[in-house]
Number of protein chains: 2
Amino acid sequence: MKGIRQLAEHLDVSIGTVSRALNGKPDVNEETRRRVLEAAEKLGYVANQSGRALRKGATGVIGFMMQTGREITGQGDTFFMSVFDGVQAVLARHKLDLVALLCSSEEDPDDYLRRMVARGFADGIILSATRRHDPRFEFLARHHIPFVTLGRSLTDVGQPWIDLDFEAMAEQSVERLVGAGHREIGFVWPHGDLNLGYVFIERCRQALARFGLTLSEHNIFRTTPSEMGGYRVAREISSVERPPTALILVNETLVTGLYRGLQEVGLEPGRDIAIIGRQSPQARFLSPSLTGFDLSLRDLGVALAEGLLSTMTTYAERYPKAARQKLWPMTLIEGESG
Amino acid sequence: MKGIRQLAEHLDVSIGTVSRALNGKPDVNEETRRRVLEAAEKLGYVANQSGRALRKGATGVIGFMMQTGREITGQGDTFFMSVFDGVQAVLARHKLDLVALLCSSEEDPDDYLRRMVARGFADGIILSATRRHDPRFEFLARHHIPFVTLGRSLTDVGQPWIDLDFEAMAEQSVERLVGAGHREIGFVWPHGDLNLGYVFIERCRQALARFGLTLSEHNIFRTTPSEMGGYRVAREISSVERPPTALILVNETLVTGLYRGLQEVGLEPGRDIAIIGRQSPQARFLSPSLTGFDLSLRDLGVALAEGLLSTMTTYAERYPKAARQKLWPMTLIEGESG
DNA sequence: ACCAACTCCGTAAACGTTTACGATCGTAGT
DNA sequence: ACTACGATCGTAAACGTTTACGGAGTTGGT
């Protein structure tokens, strides 16, 4: 089936009627509508994306921007796959489709987004891996593109965002570790301009201060947010003069390499060094089991989508109540590691 | 900048000239072209996706289909991200963009693909998680949509594919284990209709036969391709009357859970039970280190893209040599586990 | 019998781009 | 001076859809 025209003359009605029937417009006879729907189904007709988008000025597509290749976020694939599922559950109710806009490691992410937006590829954008200074925020705001971010930034422009509650995580972690007698606590801070690192370390500093402790530079371990990054931290710890007795990881992916590294230098999590991190499908099966923060990824996706829709004029009235900016709660699951 | 019309009258030339200048058409004065390019850059003009696609009958977009939510493929975190990067390296040379078409867990994948194709969303499709019987193959062939698959299927329609060389993996694994004296070898087979399981198990059967051994049903462990799936296998092994002395895993993700499960029942990989699996960023840091098959994911992505382009008339002449159907080699990296 | 109101449907314009076609101008060859 | 030709550009049609507008037919009220 090539187009609406073929479908129309096959049914012996005008293309206008066919279009109205398919789009649920009121002024079309119910019998006619039934025939049109039936024929469209049988012949497998689906309205052409480009024609429809051109005329309507909207694509019906929401883009979730990600970067391929390099380790960027320190989140695993299953992290995003679960979030996607929640996003889609909401979008599907409005006949919106979600696609992942994949920015190659060879292209600048800011340029990539500019290009996609200028092309009019998507009606709305979801950003992740937000940086401390993120030019994408201003750009999207300036061009009035509805968007929502998974993560905050100093360049906040009032758009909806949802971010993991790293503040609460920092506080609870520090409280728990200090309560267990730890005084030298190490913090693993992923390289790069990712915003979450700054938020996390700052709140840790404050939490320590409440116990009269200071966060000294030698207890901050900067590394890449990958398994290898975690491994390097372990080796570094073993070679430092006054190693921390506890470690807090803000990333998901680091912990696998860290465990291996610690084992190689003869340190057992939970016995020789306390570890608090983030739960993940892998972390569940570490040994000793990880003490870490868990969250509902699918619900997070739902909230993201609702936040986005609340900024889109077409759907806004149905999502007025969506919390525009929200820290997403995480709950500590106690394991053997700390 | 709204459209080519504004840009044209700002430069005081016709829209035809602007279009030709931007698209690198020959019959435009070099000085004019320079002015157009400059103005477009300065004003941030990028041709509207819908208008261009409508007129050209091509979108310039390649879609990589994935399913969100559920564990499907048994590939780990960075598997696809690395493949994407290779795909993009090739596509970028032809100004093609890669997006991930995300099929919600609530929608039937076959329906989803139909919908996307009928809408004319992408000029070409890359399929993964191919099933033993995969209706998507016929559908795409019937509609003359260029596509390539990561994985084979019984429903092969002659399209290019690339698949991991599970045959070689099966043979080498069996050879190695039998050579080390193992007679009872277990095979972990992921649930579902995924094609790779069938290919793998069949070749294992053949390899065993060459040593006069038969693959008995009680040595096939079917489970979900997730960490939890691996964990369950370990528990199952411990409860079975005659447990295998070696285990071969065709999936990436299983191994984390398996290790934990084995440890809980007091079995150490490499000492009490031999394990051969697949390398991955996580597997590198398992302890004891995994003996497993590794591959170049980025190059695999490059090959996939080349295979796809060789079927697209616009690009085919530049990729005539692309191997149309190819088993992708994996190399065994020896670890402590088997 | 007439008019109003309503239901249903066809017509045609518009969305932003690309490209076939033809027009214009200058240059060179005879 | 005439023709041929190449270089450059403008014009307009086309892509497939949605939708404002208006027309035809029917109903119902007076």
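All values derive from a computational prediction rather than experimental measurement. First the proteins, then the strands, lettered A, B, ... as listed; each starts at 1.
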Sugar-phosphate, base or nothing in reach of [X], heavy atoms under 4.0 Å:
| X | value |
| --- | --- |
| Gly57(B) | nothing |
| Asp27(A) | base |
| Ser50(B) | nothing |

Establish, from distance only, whether the side-chain atoms of His94(B) and Tyr319(B) form a donor-acceptor pair under 3.5 Å. yes
Can a side chain N or O of [X] be found less than 4.0 Å away from OP1 or OP2 on [N]?
| X | N | result |
| --- | --- | --- |
| Arg52(B) | dG16(C) | no |
| Lys25(A) | dT19(D) | yes |
| Asn23(A) | dT18(D) | yes |
| Thr17(B) | dG10(D) | yes |
| Asn48(B) | dT17(C) | no |

Between the side-chain atoms of Arg20(B) and the base atoms of dG10(D), is any donor-acceptor pair under 3.5 Å? yes
On a plain distance test, is the side chain of Arg55(A) in donor-acceptor contact with the base of dT18(D) below 3.5 Å? yes
Kindly determine whether Arg35(B) and Glu38(B) satisfy salt bridge (Lys or Arg N to Asp or Glu O under 4.0 Å), including the steps that lead there. CA-CA 5 Å; Arg35(B) 282 179 54 225; Glu38(B) 201 169 88; over 6 Å; no
Can you confirm whether Phe121(B) sits close enough to Asp97(A) that some side-chain heavy atom of one is under 4.5 Å from a side-chain heavy atom of the other? no
